[in-house]
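The structure that follows is given in the form of structure tokens.
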Amino acid sequence: MPVKVYNTMTGKKEDFTPDAPARVKMYVCGPTVYDLSHIGHARSAVAFDVIQRYLRYSGYEVDFTKNYTDIDDKIINRANKDGVDWKEISERYIKAYDEDMASLGVEVPGRRPRATETIGKIIELIGTLIGKGSAYVMDGDVYYSVRKFSGYGKLSGRNIEELESGARVEVDERKADPLDFALWKKSKPNEPSWESPWGGGRPGWHIECSAMCIALLGETIDIHGGGKDLVFPHHENEIAQSEAATGKPFVRYWLHNGFVNIESEKMSKSIGNILLIRDALKGHTPESVRLFLLSSHYRSPIDYTKDSLKEAEAKAERFYRTLRRMEEEWPDILNKTTDPARLKERLKPVRAAMDDDFNTAGAIGMIFEEVAKANRMMDEAEKGKPGDAFKEKLPAVKAVFKEAGKFLGVFAKTPEEYFDELKSRARLPKEEVERLMEEREEARRKKDFKKADAIRSDLLKQGITLEDTPLGTKWSA
RNA sequence: GGCGGCGUACCCAAGUGGCAAGGGAGCAGUCUGCAAAACUGCCAUCCAGCGGUUCGAAUCCGCUCGCCGCCUCCA
């Protein structure tokens, strides 16, 4: 069964087959590094992380590239505002981005090119475009001639006439046509500048992605991804530049992720409702943030509300509590290895969901069906003698969890790791909690339930929940 | 105005032709000293509305209503 992917270019789900068998060339537009990353960056990164992981899981070798846009007007503005060198800004926020992504379990892409490391290729590409008559020089700037490219608008479903009539007031009068966009921007004094045949300047935003893509992955790549907002004009322009330069199809499958809204509103600096990844992680486990992002299909908009991360966290806890129960109550049975054929069979519903345009929400639903089944089986087994079927099935469930964890990047921790994460944010030190629990245990032994309950409710006020189990009392924050 | 998307229970959310996954919340029960957790049962005869196609539609087509995104930097 081939993986099906929704291709923005055709507006349809298509069977995915890479150009070269078993090898996928994949490029995702990375961040412009001028500020801390927000939950929207996290969504894009997590979505393509899962896509990349799942393709590899499905047997493809994935050449995964994600760039950093480390030179741009916004970076220069930020540097001026902070009174530091632009390089310091880009370095600072590349580091911050990497940290945020690591905390969300996003795997490091195989290649992470920076625009400023690709200047040579960019200049070369612009030169080619000028040579072919697709671009023109105007007083130190270079512009791309949109009208020369007959396919312009094919990705975003626009045509030149519509764009023309809808064009906003054009500030830059030097352009021959309002639709044209900058490939190379002449630098002003005291601005970062690279030498080029057209004088000192810096690359425009769109050209860097074309250059990095072509330089690192080749003239035709399999998958190009990014946020929905990049469809127009960024990706449309990338197609125009790349195809005009190479004469070959640029991208075979275009994938775009949906937005994260905050309380039904678009995140924006002007509304002031930006949710930084760091802030989201303050009150919640990274696992629950990732689970929240994967609980909707990657192309749908998701709405962040004050309860959504709590719900995701409840979900994560349900999973790890079940896994902990399995491991603690049935350690011997769980050690059994599961027959690969059997595992494949059990994994089918999860894979069917993933094969259908990376339907992580559906796959997670299937995982929770397994969770419910596992609990039911264990309840049953506790009542009588665990049968042979149980001894086969329980390890199989765990094996399914393990496999799904590989491509979802959630459900992959040990319960201890997960609950330690939770405990680490408790308001009381671990030792204090354990002392109080011991005190309560003593009271319970003496049947002084009044005292025992008082300790429990005091701890609850501190955000600590106690749970008495046959294997002793457990706590979580 | 142009282009695109969405509308599934109290909330979140899968499902795109064959009798509505999953999670959260809620209610009742089993278990427990009591809780918690877990389990069981209940919780959409119905998928914005109205028509149409079909043996059969939440799923296809048309219209209506509502919401949102892109068209300017943006994940």
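Letters go in sequence order (proteins before strands), and every chain restarts at 1.
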**Request:** Report the base-pairing partner of B:A44 (Watson-Crick or G-U wobble, both distances below 3.5 angstrom), or none.
**Result:**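 Paired with no nucleotide.
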
**Complete:** Rounded to whole Å, CG of A:Asn257 lies from P of B:A75 at a distance of 10 Å

**Message:** For B:A20, give the paired nucleotide (Watson-Crick: N1-N3 plus N6-O4 or O6-N4; G-U: N1-O2 and O6-N3; both under 3.5 Å), or none.
**Reply:**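 Paired with no nucleotide.
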
**Prompt:** Atom CG of A:Leu36 and atom P of B:C74: how far apart are they, to the nearest Å?
**Reply:**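 In whole Å, B:C74 P and A:Leu36 CG are 18 Å from each other.
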
**Request:** Tell whether A:Asp229 reaches the base of B:C73 with its side chain through a donor-acceptor pair below 3.5 angstrom.
**Result:**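 Side chain to base: no pair present.
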
**Request:** Kindly confirm whether the side-chain ring of A:Phe259 is stacked on the base of B:A75, judged by centres under 5.5 Å and planes under 30°.
**Result:**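 Stacking between A:Phe259 and B:A75: present.
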
**Message:** So for A:Lys447 and B:C34, does any side-chain atom that can act as donor or acceptor lie under 3.5 Å from a complementary atom in the base?
**Reply:**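 Result: no qualifying N/O pair found.
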
**Prompt:** When the distance from CG of A:Leu293 to P of B:A75 is rounded to whole Å, what number comes out?
**Reply:** 16 Å

**Prompt:** Rounded to whole angstroms, how far apart are CG on A:Asp453 and C1' on B:C34?
**Reply:**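 Value for this atom pair: 6 Å.
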
**Message:** Going by purine N1 to pyrimidine N3 plus the second Watson-Crick contact, or the G-U wobble pair, all under 3.5 Å, which nucleotide sits opposite B:C65?
**Reply:** B:G7

**Request:** Using a strict 4.0 Å threshold on nitrogen-to-oxygen distance, state whether A:Asp355 and A:Lys4 make a salt bridge.
**Result:** no

**Asked** Can a salt bridge be assigned to the pair A:Asp141 and A:Lys175 using a cut-off of 4.0 Å between side-chain N and carboxylate O?
**Response**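 Looking at A:Lys175 together with A:Asp141, the answer is no, because their closest N to O distance does not fall below 4.0 Å.
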
**Prompt:** So does A:Arg445 pair up with A:Glu442, basic N to acidic O under 4.0 Å?
**Reply:** yes

**Prompt:** Would you say A:Arg318 reaches B:C39's phosphate, i.e. side-chain N/O to OP1/OP2 under 4.0 Å?
**Reply:**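 Yes, A:Arg318 has a side-chain N/O under 4.0 Å of OP1/OP2 on B:C39.
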
**Item:** Residue pairs, two or more places apart or on separate chains, that pass side chain to side chain donor-acceptor pair (under 3.5 Å) and touch residues 258-267 of chain A
**Value:**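 Only A:Ser264-A:Asp303 qualify under side chain to side chain donor-acceptor pair (under 3.5 Å).
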
**Message:** Would A:Glu317 and A:Tyr418 count as a side-chain contact (heavy atoms from CB on, under 4.5 Å) here? Give the steps.
**Reply:** CA-CA 8 Å; A:Glu317 281 197 47; A:Tyr418 184 78; 3.9 Å; yes

**Short N-O contact, A:Arg92 and A:Asp82, less than 4.0 angstrom** = yes

**Message:** What is the distance, to the nearest angstrom, from the CG atom on A:Leu155 to the P atom on B:C71?
**Reply:**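 Checked: the CG to P distance equals 14 Å.
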
**Item:** Per-nucleotide protein contact string for nucleotides 4-14 of chain B, where B marks a base within reach and S marks sugar-phosphate only (heavy atoms under 4.0 Å, - for neither)
**Value:** -------BSSS

**Asked** Watson-Crick or G-U wobble partner for B:A58, using a 3.5 Å limit on both distances?
**Response**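 Its partner is none (no Watson-Crick or G-U wobble pair with both distances under 3.5 Å).
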
**Message:** Quick check: on RNA chain B, is the nucleotide nearest A:His41 upstream (toward 5') of the one nearest A:Arg456, or the reverse? Name the residue that is more 5'.
**Reply:**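 The residue whose closest nucleotide sits nearer the 5' end is A:Arg456.
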
**Message:** Check for me: is A:Phe449 stacked on B:G33 by the 5.5 Å centroid and 30° plane-angle rule?
**Reply:**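 So yes, this residue stacks on that base, both cut-offs being met.
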
**Message:** For B:C74, give the paired nucleotide (Watson-Crick: N1-N3 plus N6-O4 or O6-N4; G-U: N1-O2 and O6-N3; both under 3.5 Å), or none.
**Reply:**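 B:C74 is paired with nothing.
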
**Prompt:** For B:U53, which nucleotide is its Watson-Crick or G-U wobble mate, given both distances must be under 3.5 Å?
**Reply:** none

**Request:** Keeping to residues at least two apart or across chains, list the ring-ring contact (aromatic ring centres under 6.0 Å, His included) pairs with something in residues 26-55 of chain A.
**Result:**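 Applying ring-ring contact (aromatic ring centres under 6.0 Å, His included) to every pair that reaches into residues 26-55 of chain A, excluding sequence neighbours, yields A:Tyr27-A:His224, A:His38-A:His41, A:Tyr54-A:Phe407.
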
**Nucleotide opposite B:G29 in a Watson-Crick or G-U pair, distances under 3.5 Å** =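 Its partner is B:C39.
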
**Message:** With a 4.0 Å limit, can you tell me whether A:Trp475 has a side-chain N or O closer than that to the phosphate oxygens OP1/OP2 of B:A36?
**Reply:** no

**Request:** Would you tell me whether A:Glu208 and A:Thr69 have side-chain atoms, one donor and one acceptor, within less than 3.5 Å of each other?
**Result:** yes

